[in-house]
Amino acid sequence: MNFLKVDLQFFAGEKTEKATPKKRQDARKKGQAAKSQDVNTAIVLLAVFLYLMFFGKDITERLMGVLRHALQNYLFMELTANNLESIVVEILGELVFFLGPVMGVALLAGVAANYMQVGFIFSTEAIQMNAEKINPISGFKRIFSMRAIVELLKSILKISFIGVIAFSVLWARMDEVLLLANKSVGAAIATIAGLTLQMGLFASGALLFLSLLDFLYQKYDFEKGIRMSKQDLKDEYKNIEGDPLIKSKIKQKQREMAMRRMMQEVPKADVVITNPTHFAIALKYDEEKADAPVVVAKGVDFVAQKIKWIAKENEIMTVENRPLARALYSQAEIGDAIPEEFFKAVAEILAYVYQTKNKVL
């Protein structure tokens, strides 16, 4: 029996269930989501190379203009502390002018890649200090873990695949590469730039393909990491819905409070209609507030006996009418006016009560 109990506890703690929406929301609050860094890298590289493909000629002309200007104006200039600062500022300004768009494209591509994968997430928990991150034992475990081995295999695959793609592009244009020595400097630079651009585009496309596979793996690994055990599901349900024992106690308290409020209304009643032992309904008629008598208290068995006892203590008259008591109990709620079909019967009872009180007075 002990072995069976241990086995049951083990299976109850095994994480085999899909994560609940609350678990996913809590993970996002911690900055955790299925994300591949390779997707970001691939999209950024592809965006930059596409930008260079369309605007590379303008950037090259701008760069050549900067070089010509520098050679013509600064080559034979005597450098001093005063003019050196202005030269550096001017050259840096020109560099920023044509490198700025490239950096802007890279930034926008990176933001877009992140948003496509995880949407908008803002969390400070990921940057908080955690002693576990600098624990050498945990570090060795991460280095020699299965995840580290998978990441190593992925890196080897990426390098091999992209290397083959880049070499294939280079091999296809080997004739142009061999003729570089016979070309002018400008033509050679143009050939090398075109070759670099083509290799970059093909390599970025290959990396994007691999990154999509990596994203699927990261998504699988993330889903596996946030799985829950049956006990986790029970605990989460308790946290959301509340402990059943606590809920039952709260409901019991609420019933007790409602009972006390109801009993406080009995002394204000005009009459209590009884069955005579099982049912008791206390009625009050205030013609200024309602058009019909209102049920201020009702109950069966023990509650009915308590209503009658309070009525007796407060000299509230009780009238036995079994059919009416049963009907009012089943068809009228506390605080409601009695149904119209009972107007006549209740009016006769109230008339009798008022008449009896007047005689006593």
Side-chain angles (χ1 to χ4, degrees), residues 1-43 110-158 208-255:
M1 290 298 292
N2 290 333
F3 285 113
L4 180 60
K5 186 175 181 180
V6 171
D7 288 340
L8 290 174
Q9 290 177 348
F10 172 77
F11 285 115
E14 192 175 1
K15 298 184 181 297
T16 57
E17 308 300 317
K18 287 185 177 181
T20 61
K22 183 180 183 303
K23 175 77 171 183
R24 297 178 187 278
Q25 186 179 7
D26 292 342
R28 285 184 68 86
K29 289 180 179 178
K30 296 177 182 178
Q32 300 173 359
K35 175 186 172 183
S36 171
Q37 191 61 41
D38 291 343
V39 172
N40 295 4
T41 305
I43 291 179
V111 173
N114 270 293
Y115 186 79
M116 284 189 296
Q117 292 187 84
V118 300
F120 179 77
I121 295 180
F122 178 78
S123 174
T124 58
E125 292 195 27
I127 60 175
Q128 289 180 355
M129 288 294 296
N130 187 353
E132 190 68 20
K133 293 180 181 179
I134 58 176
N135 187 343
I137 298 177
S138 301
F140 280 116
K141 287 182 179 179
R142 286 194 294 269
I143 292 173
F144 298 102
S145 64
M146 181 58 67
R147 183 180 181 85
I149 296 174
V150 172
E151 292 297 327
L152 176 62
L153 295 175
K154 281 164 46 184
S155 300
I156 295 173
L157 176 63
K158 283 186 291 186
L208 182 61
F209 171 73
L210 292 176
S211 67
L212 294 177
L213 299 179
D214 181 61
F215 176 74
L216 295 177
Y217 167 75
Q218 297 293 344
K219 189 173 181 62
Y220 163 77
D221 189 59
F222 175 74
E223 293 292 335
K224 183 179 178 181
I226 62 172
R227 282 180 185 171
M228 304 173 68
S229 64
K230 295 185 183 298
Q231 185 61 42
D232 292 335
L233 293 175
K234 291 179 181 178
D235 293 340
E236 183 180 290
Y237 177 79
K238 284 183 179 180
N239 291 332
I240 295 175
E241 300 295 330
D243 193 319
L245 182 60
I246 296 175
K247 287 179 67 177
S248 64
K249 289 183 177 179
I250 292 174
K251 288 182 178 179
Q252 182 180 356
K253 289 290 184 182
Q254 290 174 341
R255 287 194 295 268

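Residue numbers run from 1 in the order of the sequence given. As the structure is a prediction and not an experimental result, all values here were calculated from the model.
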Residues in side chain to side chain contact (heavy atoms under 4.5 Å, CB included) contact with [X], at least two apart in sequence or another chain:
{"X": "L153", "answer": "I149"}
{"X": "F222", "answer": "A27, Q32, A34, I226"}
{"X": "L208", "answer": "A42, I43, L46, S211"}

Who are the side chain to side chain donor-acceptor pair (under 3.5 Å) partners of [X], not counting sequence neighbours?
{"X": "Q37", "value": "none"}
{"X": "R24", "value": "E223"}
{"X": "K154", "value": "E151, D214"}

> Where do L216 and L212 land on the side-chain contact (heavy atoms from CB on, under 4.5 Å) test, with the steps shown first?
Replying inline: CA-CA 6 Å; L216 295 177; L212 294 177; 6.0 Å; no
> What pair of heavy atoms forms the shortest contact from M228 to K23, and how long is it?
Replying inline: SD-CB, 3.8 Å
> For the atom pair CG (N40) and CZ (F215), what is the distance rounded to the nearest 0.5 Å?
Replying inline: 10.5 Å
> For the atom pair OG1 (T41) and CG (L210), what is the distance rounded to the nearest 0.5 Å?
Replying inline: 12.0 Å
> Should we say atom NZ of K158 is surrounded by more than 12 heavy atoms from elsewhere, each under 6.0 Å from it?
Replying inline: yes
